[in-house]
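Written below as structure tokens is the structure these notes are about.
So you know, we letter chains A, B, ... as the sequences are listed, proteins then strands, and number each from 1. From a predicted model like this one, the values you see are computed outputs, not experimental measurements.
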There are 2 protein chains.
Amino acid sequence: MGRTSDAREKLLNAALDLIWTSSYGGVSVDDICARADVNKGSFYHFFPSKSDLAVAAYEAHWQSTQPGLNQIFSPDTDPLDRLHQCCARLYDAQKMKFAEYGFVVGCPYANAGSELATQDPKIRAKAQEMRDRWMDYLERTIRDAVALGLAEVVDPRSAAQQVYSCFLGTLLQSKILNDPDILLQLEPAIFRLLRANVPTAVAA
Amino acid sequence: MGRTSDAREKLLNAALDLIWTSSYGGVSVDDICARADVNKGSFYHFFPSKSDLAVAAYEAHWQSTQPGLNQIFSPDTDPLDRLHQCCARLYDAQKMKFAEYGFVVGCPYANAGSELATQDPKIRAKAQEMRDRWMDYLERTIRDAVALGLAEVVDPRSAAQQVYSCFLGTLLQSKILNDPDILLQLEPAIFRLLRANVPTAVAA
DNA sequence: CGCTTAGTTTACCGATCGGTCAAGTTGACC
DNA sequence: GGTCAACTTGACCGATCGGTAAACTAAGCG
């Protein structure tokens with residue numbers, strides 16, 4: 001009943017793009033509506049507020065990237081190779097964004113958390129949810145690596161937290177220097193943290 | 001000639017406080033003036049724009065913290081103890097801010113870089129300058145540690161970059177979770193990165 | 001003392017902010 | 001084909017945004 005619309009999806013995409021490449025505070029509702037080619041009234045038909053849209057946009061982005069993550073972090077893959085693939089894809093993705101926009105844009109969830117953790121509880125909670133999801137992938141991978149004797153860590157959960165910190169920090173440093181090649185230091189850092197040997201031959 | 005004033009310093013302090021605990025975009029010039037108890041006209045007498053004030057506030061903050069950093073990173077101190085002291089003070093500082101505001105506020109320069117690197121060249125450059133200054137402390141410390149046989153790294157500059165990523169990432173993760181105790185994982189991560197043994201007895 | 005210059009005050013600017021509203025339009029479903 | 005709910009439209013809101021201007025005041029200095 002009633003008519004259908006893709007305005008909601010267009011708003012989600014526009015919001016993610018604009019906020020990711022600039023910042024939450026630097027993008028207005030009017031900007032998002034203009035990019036999505038949607039009237040402001042429609043915006044508030046679908047979302048009660050700007051921050052609700054942002055939260056929904058992050059969730060939609062996660063849903064769209066999750067299949068890829070499930071593939072990278074498949075239990076059938078060698079644990080260290082999962083981490084290698086993850087770093088490689090992260091580098092490629094950031095390099096593509098850099099080529100497109102001229103800027104290293106970093107991690108959208110981390111950007112949001114950094115900007116709004118002290119100001120908007122819903123966005124802080126969403127950023128935390130995203131980190132928890134990442135942490136699950138990392139912890140499982142580290143547990144598998146330890147079980148196979150490929151890594152040595154005391155506590156896999158703590159190790160996952162340290163590895164995740166490396167992700168966040170390297171991405172942020174790369175954004176601050178506006179240099180994607182900073183990300184090349186991510187994989188060696190992670191392998192050192194896990195006391196894992198760099199795989200001599202990595203699947204191309 | 002002409003009258004003197006402390007309005008400039010009051011503006012610098014107010015801006016740093018407000019922006020640090022919320023965000024650049026979340027704080028208005030009026031907010032800063034109100035906190036500093038300075039009229040808006042005076043604001044623009046001292047600073048050409050809001051972002052110029054922010055840059056000046058970060059520089060002033062650096063100048064005020066540099067003596068402490070010089071002490072922590074004194075060449076006379078054992079290199080690993082420098083890192084330990086640094087982590088300990090960072091934890092204490094964030095814990096104090098957390099007790100005061102109810103939030104983990106993170107690193108002011110990193111926050112600024114994360115929010116504005118793609119939007120404001122002057123602020124991105126300032127964030128980069130701050131990271132370069134930190135990198136110098138870290139690289140020197142790592143070189144000293146290697147020279148004393150306390151650490152094993154291939155390239156001190158790259159290692160410093162990895163360690164700095166751990167700082168940034170752990171602070172950011174701590175902010176996103178709003179939990180200062182996340183920072184307790186920072187020191188072990190750094191020592192693992194440097195293949196350094198945790199000092200058995202650390203000066204209290 | 002008086003001049004000069006630095007700093008203060010306050011009212012004001014146009015633009016934009018996030019958000020609202022009521023009237024209109026359309027399509028899915030019976 | 002009618003109906004009703006879903007969606008669209010565009011004008012509108014008060015508040016706030018970063019920034020300006022000009023008259024005013026006071027302190028350092030000769």
Side-chain angles (χ1 to χ4, degrees), chain A residues 1-58 60 112 115-116 118-124 126, chain B residues 1-58 60 112 115-116 118-124 126:
Chain A
M1 15 169 108
R3 59 209 284 199
T4 57
S5 166
D6 61 346
R8 192 186 139 88
E9 282 66 38
K10 290 196 291 185
L11 286 167
L12 290 172
N13 291 334
L16 185 80
D17 263 19
L18 289 174
I19 295 175
W20 196 355
T21 55
S22 93
S23 69
Y24 181 83
V27 171
S28 72
V29 173
D30 286 328
D31 293 335
I32 296 170
C33 289
R35 166 72 69 98
D37 197 29
V38 163
N39 285 311
K40 208 174 190 175
S42 291
F43 180 108
Y44 285 98
H45 173 72
F46 289 105
F47 303 100
S49 75
K50 181 188 176 187
S51 76
D52 283 289
L53 165 68
V55 169
Y58 292 133
E115 180 180 356
L116 301 166
T118 64
Q119 294 179 76
D120 190 308
K122 281 186 293 187
I123 289 187
R124 192 205 62 78
K126 199 70 194 173
Chain B
M1 10 167 114
R3 60 209 282 200
T4 57
S5 168
D6 61 347
R8 193 186 139 90
E9 283 66 37
K10 290 197 290 185
L11 286 168
L12 291 172
N13 291 333
L16 186 81
D17 264 19
L18 289 175
I19 295 174
W20 196 355
T21 55
S22 98
S23 69
Y24 182 83
V27 171
S28 72
V29 173
D30 287 328
D31 292 336
I32 296 170
C33 289
R35 167 71 70 97
D37 198 29
V38 164
N39 287 310
K40 207 174 191 175
S42 292
F43 180 109
Y44 285 98
H45 172 73
F46 289 105
F47 303 100
S49 74
K50 181 188 176 186
S51 75
D52 283 289
L53 165 68
V55 169
Y58 293 132
E115 180 180 356
L116 301 166
T118 64
Q119 295 179 76
D120 190 309
K122 282 187 292 188
I123 289 186
R124 192 204 64 77
K126 200 69 194 174

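Spacing between atom CG of B:N39 and atom P of D:dA22 amounts to 18 Å, rounded to whole angstrom units. Rounding to whole angstrom units, CZ of residue A:F43 and P of D:dA11 are separated by 20 Å.
Side-chain atoms of B:K40 come within donor-acceptor range of the base of D:dG19, with a qualifying N/O pair under 3.5 Å.
B:K50 approaches B:F43 most closely through the heavy-atom pair CA-CZ, 4.1 Å. Between B:L53 and B:A15 the shortest heavy-atom distance is CD2-CB, 3.5 Å. Across all non-hydrogen atoms, the minimal contact from B:A14 to B:I32 is CB-O, 3.8 Å. B:I123 approaches B:A54 most closely through the heavy-atom pair CD1-CB, 4.1 Å.
At a threshold of 4.0 angstrom between heavy atoms, the contacts of A:F46 are confined to the sugar-phosphate backbone, with no base atom among them. Residue B:S42 is in base contact, counting any heavy-atom pair closer than 4.0 Å across all strands shown.
Close to D:dA27, at under 4.0 Å from its OP1 or OP2, lies no side-chain N or O of B:T4.
Listed by first then second residue, pairs satisfying salt bridge (Lys or Arg N to Asp or Glu O under 4.0 Å) with a partner in residues 2-15 of chain B number zero, not counting sequence neighbours. The list of side chain to side chain donor-acceptor pair (under 3.5 Å) pairs with a residue in residues 36-47 of chain B, not counting sequence neighbours, reads B:D30-B:K40.
Contacts of residues 31-38 of chain B with DNA chain D (heavy atom under 4.0 Å): none. Using a 4.0 Å cut-off on heavy atoms, the residues of residues 8-30 of chain A that approach DNA chain C are A:V27, A:S28, A:V29, A:D30, listed by number.
When atom types are taken as modelled, the side chain of B:Y24 and the backbone of A:G25 share no donor-acceptor pair closer than 3.5 angstrom. When atom types are taken as modelled, the side chain of A:E115 and the backbone of A:S23 share no donor-acceptor pair closer than 3.5 angstrom.
Annotation: side chain of B:I19 is in contact with side chain of B:Y58 (closest heavy-atom distance under 4.5 Å).
With a cutoff of under 4.0 Å to any heavy atom of chain B, the contacted region of DNA chain C is bounded 5' to 3' by C:dT5 to C:dT10.
For A:D31, the side chain to side chain donor-acceptor pair (under 3.5 Å) partners are A:S28, not counting sequence neighbours.
Separating the CG atom in A:D52 from the NZ atom in A:K126 is a distance of 11.0 Å, to the nearest 0.5 Å.
Of the two residues near DNA chain D, A:H45 and B:K50, the one whose nearest nucleotide lies more 5' is A:H45.
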